[in-house]
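Just below is one structure, and these are the notes that go with it.
One-based numbering, in listed order, for ligands and for the atoms of each.
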Amino acid sequence: MDFSIKTFDAKSTVNATKTGCVVVGVFENKKLSSSAAALDKKGEIAAALKSGDITGKIGSSLLLRNVADIAAERVLLLGLGEEASAVSEKAYTQAVQAAARALSGLGANDAILALPAVKERDAAWTVRTTVLAFRESIFRADGLKSKKDATATGVKKVAIGVTPAVATAAKNALAQSIALANGMDLTKELGNLPPNVCTPTYLATTAKKIAADYKMGIEILDRKQLQALKMNSFLSVTNGSDEPPKFIVLKHMGGKAKDAPTVLVGKGITFDSGGISLKPGAGMDEMKYDMGGAASVIGTMRAIGEMKLKLNVIAVVPTCENMPSGSATRPGDIVTSMSGQTIEILNTDAEGRLILCDALTYVERFKPAAVVDVATLTGACVTSLGHHNTGLFTRHDDAHDKLAAELLSAGKQTGDTAWRMPIEEAYNEQLKSNFADMANIGGPAGGSITAACFLERFTKKYTWAHLDIAGTAWKSGPAKGSTGRPVPLLTAFLINRAG
Ligand code: BES
Ligand code: MN
Ligand code: ZN
């Protein structure tokens, strides 16, 4: 799908524009948006509203052909809700989603959107929201079906109409939005692939390809090298699996050589059976998504690589399977992490923190400006925040409040939102072990917080935040599939940091 920015001005009006379909807004009180009014020389659009063929409610749509005195072949009316001088974020988002659906079934090859500005949102927001809605509508996860899903027919070219005042901003935002959509598609693809295809080795190969495509540095550490680094906590998770573990380091050094890098760490469990603390069978297939942190970090690297972002960013992905076998880690086993801290593994299903803690120690060598880890870490996070917000955890001091604010605002900016949770001494008590420095579980109460407290113990040397994406990385049920989150949040966070 091709996107472009179309500038409307006195010379280039919406009426005179040749296109398969021009898309305009109408309101619930039967009023027309300014571009709809401009097209309505003979009153056909007003008549359609009056007849009740379209309500103007958010998400409603109606296609008109042969509208008099205009150059476009068709007019697609979109409901934008109650009339306002600038429409709401929600109205715009749902309207472009409806437009993407409607346009996918049309004979038209191209379309032009001529929609009103969005309240308190800039052109960059509008362009990103539009591109992501259209790209989501044509995304298919049918690579392994022998008969492909019906592909979206209809429009191949979408022009986003803007006023001259914001044309430059819109054009800059367009390239970034397409790069973001490409990164999200990669994240979704990796997430949806079955665990017998998307193995640690497959993730490593994908990272190598990104490195080659965007001239990034890459290092893949294997079991021997991980042993030499004393990553015994990470390695303990691999004991039951026949798949070799990988430790991926992908470097995008787009900033000045002396600038401290921003480091992203992604949990890459390509299948989480629970290990000896085996999970129940129902829905266990969804634990192929337990590499969602890794997939989002790799997708974000693809996005910023395509953008040539002027920032130093290093992605680190510890990746392996969590399987039961005669050689698997037992509940009660004690391991010494790379940091030297010992861990009593009371539940082999709390494996994410075991692979992340060694990665968090490893990244100390980069003297990072900040470290953000991303993980499908706890079912408890889904219980507390549901599927709307990613859980955000940091220490509570000025530097960390600032990092939290950056991440929260990147989430709000993109609609890929996070919600901050506490990290406090009181929760830390739950991690006490009689036999080691800590246990890997803290009991059922506040499970997402005790998991974050566990990670926090390995991040004392830098500014750090943890994103628990257990509720946001994928959807269950009939719409089962990866969401591509939190690539929009991470990408906006990095773009903002690049300044
Ligand atoms: N990958 C899971 C977390 C998860 C579960 C994410 C369900 C999304 C949906 C993680 O490795 C895990 O199993 N966590 C345990 C921790 C518990 C044993 C302390 C959990 O959440 O049950
Ligand atoms: Mn687990
Ligand atoms: Zn897991």
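Within 6.0 Å of CG in Asp149 there are more than 12 heavy atoms belonging to other residues, nucleotides or ligands. Around atom NZ of Lys460, more than 12 heavy atoms belonging to other residues, nucleotides or ligands sit under 6.0 Å away. No more than 12 heavy atoms of other residues, nucleotides or ligands shown are found within 6.0 angstrom of OH on Tyr202. Around the CG atom of Asp397, the shell of radius 6.0 Å holds more than 12 heavy atoms that belong to other residues, nucleotides or ligands. Applying the 6.0 Å contact sphere to NZ of Lys279 captures more than 12 heavy atoms from other residues, nucleotides or ligands. More than 12 heavy atoms of other residues, nucleotides or ligands shown are found within 6.0 angstrom of NZ on Lys148.
Regarding atom 8 (C) of ligand 1, its nearest protein heavy-atom neighbour is Trp474 CH2, 3.4 Å. When hydrogens are left out, the protein atom nearest atom 19 (C) of ligand 1 is Ile441 CG2, 3.4 Å; that is the closest non-hydrogen contact. In terms of protein heavy atoms, atom 2 (C) of ligand 1 is closest to Asp272 OD2, 3.6 Å. Closest to atom 6 (C) of ligand 1 among all protein heavy atoms lies Ala470 CB, 3.6 Å. In terms of protein heavy-atom proximity, atom 1 (N) of ligand 1 is nearest to Asp290 OD1, 2.8 Å.
Under a 3.5 Å cut-off, the side chain of Arg457 and the backbone N or O of Phe454 do not form any donor-acceptor pair. A donor-acceptor pair under 3.5 Å links the side-chain atoms of Thr342 to the main chain of Asp437, judged by distance alone. In this structure, the side chain of Ser384 engages the main chain of Ala380 through a donor-acceptor pair within 3.5 Å. Not a single donor-acceptor pair under 3.5 Å links the side chain of Arg420 to the backbone N or O of Ala405. A donor-acceptor contact shorter than 3.5 Å links the side chain of Asp333 to the backbone of Arg330. In this structure, Thr483 contributes its side chain and Ala473 its backbone to a donor-acceptor pair below 3.5 Å.
Taking a 4.0 Å cut-off on heavy atoms, Phe454 fails to register as neighbouring ligand 1. For Met287, the closest heavy-atom approach to ligand 1 falls below 4.0 Å.
Under 4.0 angstrom from ligand 1, there are no non-hydrogen atoms of Met291. The proximity of Asp349 to ligand 1, defined as any non-hydrogen pair under 4.0 Å, involves the side chain as well as the backbone.
For atom 14 (N) of ligand 1, the protein comes within 4.0 Å by at least one heavy atom.
In terms of N/O distances under 3.5 Å, ligand 1 is approached by Glu351. Between Lys279 and ligand 1, a contact under 3.5 Å exists for at least one N or O pair. Of the N or O atoms in Thr378, none lie within a sub-3.5 Å distance of an N or O in ligand 1. Not one N or O of Arg353 is nearer than 3.5 Å to an N or O of ligand 1, by distance alone. Taking distance alone, with nitrogen or oxygen atoms compared against 3.5 Å, Gly379 approaches ligand 1 more closely than that limit.
Protein N/O/S atoms closer than 2.8 Å to the Zn ion (ligand 3), listed by chain and residue number, are Lys267 NZ, Asp272 OD2, Asp290 OD2, Glu351 OE2. Protein N/O/S atoms closer than 2.8 Å to the Mn ion (ligand 2): Asp272 OD2, Asp349 O, Asp349 OD1, Glu351 OE1.
Nearest approach of Cys357 to Ser337, heavy atoms of both residues: SG-CB, 4.3 Å. When all heavy atoms of Val317 and Gly268 are compared, the pair lying nearest together is CG1-CA, 4.5 Å.
Met291 places none of its side-chain heavy atoms less than 4.5 Å from the side chain of Ile269.
With Phe139 as the aromatic partner, Lys188 meets the cation-pi criteria of under 6.0 angstrom to the ring centre and within 45 degrees of the ring axis.
Residue-ligand proximity, Lys267 to ligand 1, at heavy-atom distances under 4.0 Å covers atoms 1 (N), 10 (C), 11 (O).
Between Phe366 and Tyr462, the ring center distance fails the sub-6.0 Å criterion.
Evaluated by nearest non-hydrogen atom to atom 18 (C) of ligand 1, the leading choice among Val382, Leu377, Asn347 is Asn347.
Ring geometry, Phe234 versus Phe247: the interplanar angle falls from 30° to 60°, so the pair is classed tilted.
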